[in-house]
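Each chain gets a letter, A, B and so on, in the order the sequences are listed, and its residues count up from 1.
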Number of protein chains: 2
Amino acid sequence: MKTSLEVLKQELLDNNIHLSHQRLKVLEYLIQNHNHPTVEQIFTDLHKDISTLSKTTVYNTLRVLEDAGLVRVITIEGTETRYDIEVENHGHFKCKSCGKIYDFEIDMNVLSSPDLEKFQISDKDVYFKGICPRCSQH
Amino acid sequence: MKTSLEVLKQELLDNNIHLSHQRLKVLEYLIQNHNHPTVEQIFTDLHKDISTLSKTTVYNTLRVLEDAGLVRVITIEGTETRYDIEVENHGHFKCKSCGKIYDFEIDMNVLSSPDLEKFQISDKDVYFKGICPRCSQH
DNA sequence: ATCAAGGTTGTAATGATTACAACTGTGCAG
DNA sequence: CTGCACAGTTGTAATCATTACAACCTTGAT
Ligand SMILES: [Mn+2]
Ligand SMILES: [Mn+2]
Ligand SMILES: [Zn+2]
Ligand SMILES: [Zn+2]
């Protein structure tokens, strides 16, 4: 399991990123909530514990984590930005009915195209949309 | 070539969508500009010809076209929404250096995952990011 | 000519994100 | 010890894309 707190803490230290109380809380939150939360969700939930927490800090922290490559930003819908602690390549499916985002396994190596021979690819995102099984059975 | 004006006009009529002057202009613009423009670009360029054009109309039209399945919305970057008249499945590569978005061929059929057996998939988006060849040769 | 429906327009409101300046805590030089 | 520098945090203001809304316009049918 790549998303253990200790491993991620070490990665932050390796990147010369100070482990502040707030940053650790955001990190823990993402590890415990793999449901691709929005900034609003992260802030609202953490604010219950840390009443002094600022939403700006959540934004700042997520940017730090993103730059360090510890979180992935999901923009499957232009209207909402979501965050994922799981950076290993996998796809995301969003149900148009219930709005839930599902992870799914996918072989990213198969996703090569001759058109991109000379391109340096650093990020691969695969987004599907449709209806999930739970919503299918009307 | 699927993106001929006549074919698209017929598709609009089939969907009971009135072919107003403004809508036709937006449609023509998308056909002539395959560079995945933003609303701002579409509006600014069309406004030169149609001085009375409202940005709201551009938004409205794009939504109508999207709902009719004639345009695809590209949210490769959470910060900008772009539009593509080409709805046939293909991938998009965004260069982190120059910002240009490239199309690339990809076999969407190979993009199936056993995890999604029971899912009804209606949209497949593949977004890559990195450095394009032009920017590579420093 | 009158009317209804749909389309367009301009402006106001919304909401997410960013900018910014003040504040806080920590570690080290003196 | 004491004060300073630096990084991180906070709250508020500003920004900017998008949406809501109401007035206006066009068109086609009665
Ligand atoms: Mn995920
Ligand atoms: Mn395209
Ligand atoms: Zn569902
Ligand atoms: Zn480039």
Verify the distance criterion only: is there a donor paired with an acceptor across the side chains of B:Asp14 and B:Gln10 at less than 3.5 Å?
yes
Does B:Lys9 come within less than 4.0 Å of B:Glu6, counting only side-chain N to carboxylate O?
yes
In whole angstrom, give the distance that lies between atom CG of B:Leu13 and atom C1' of C:dG6.
15 Å
Among the candidates C:dT17, D:dT18, C:dT8, find the nucleotide nearest to the side-chain atoms of B:Val39.
D:dT18
Do B:Glu77 and B:Lys129 meet the salt-bridge criterion of a basic N to acidic O distance under 4.0 Å?
yes
d(NE2, B:His21; P, D:dT26) in whole Å:
12 Å
Separation between CZ of A:Phe104 and OG of B:Ser112, rounded to the nearest 0.5 Å
10.0 Å
Suppose the criterion is salt bridge (charged side-chain N to carboxylate O under 4.0 Å, His left out): which pairs have a residue in residues 29-41 of chain B, not counting sequence neighbours?
B:Glu40-B:Lys55
Dump the pairs, protein N or O against N or O of nucleotides 23-29 of chain C, anything under 3.5 Å, distances to one decimal.
none

To the nearest Å, give me how far apart CG (A:Leu24) and P (D:dT9) are.
10 Å
Go nucleotide by nucleotide along DNA chain C from the 5' end; which of B:His18 and B:Thr79 gets its closest nucleotide reached first?
B:His18
Just wondering, do B:Tyr102 and A:Phe119 contact through their side chains at under 4.5 Å, heavy atoms?
yes
Report the nucleotide, chosen from D:dT18, D:dT10, C:dT8, that has the shortest atom-to-atom distance to any side-chain atom of B:Asn60.
C:dT8
Using a strict heavy-atom distance below 4.0 Å, which residues from residues 49-58 of chain B are in contact with DNA chain C?
B:Thr52, B:Leu53, B:Ser54, B:Thr56, B:Thr57
In whole angstroms, the gap separating C1' of D:dT9 from NE2 of A:His47 amounts to 13 Å
Just the rounded figure in Å: distance from P of C:dT8 to CG of B:Leu62.
12 Å
Is any side-chain N or O of B:Ser20 closer than 4.0 Å to OP1 or OP2 of C:dG6?
no
Does B:Thr38 reach a base, just sugar-phosphate, or nothing at all? Heavy atoms under 4.0 Å.
nothing
Taking every non-hydrogen atom, the tightest pair across B:Val73 and B:Tyr127
O-OH, 3.8 Å
Let me know the distance between CZ of B:Phe43 and P of C:dT8, rounded to the nearest Å.
14 Å
Measure the distance from CZ on B:Arg63 to C1' on D:dA20 and round it to the nearest whole Å.
11 Å
Between the side chains of A:Asp84 and A:His92, does any donor sit under 3.5 Å from an acceptor?
yes
Length of the line joining B:Leu65:CG and C:dG7:C1', which is rounded to integer Å
14 Å
Taking 4.0 angstrom as the limit, do A:Arg72 and A:Asp125 come out as a salt bridge?
yes
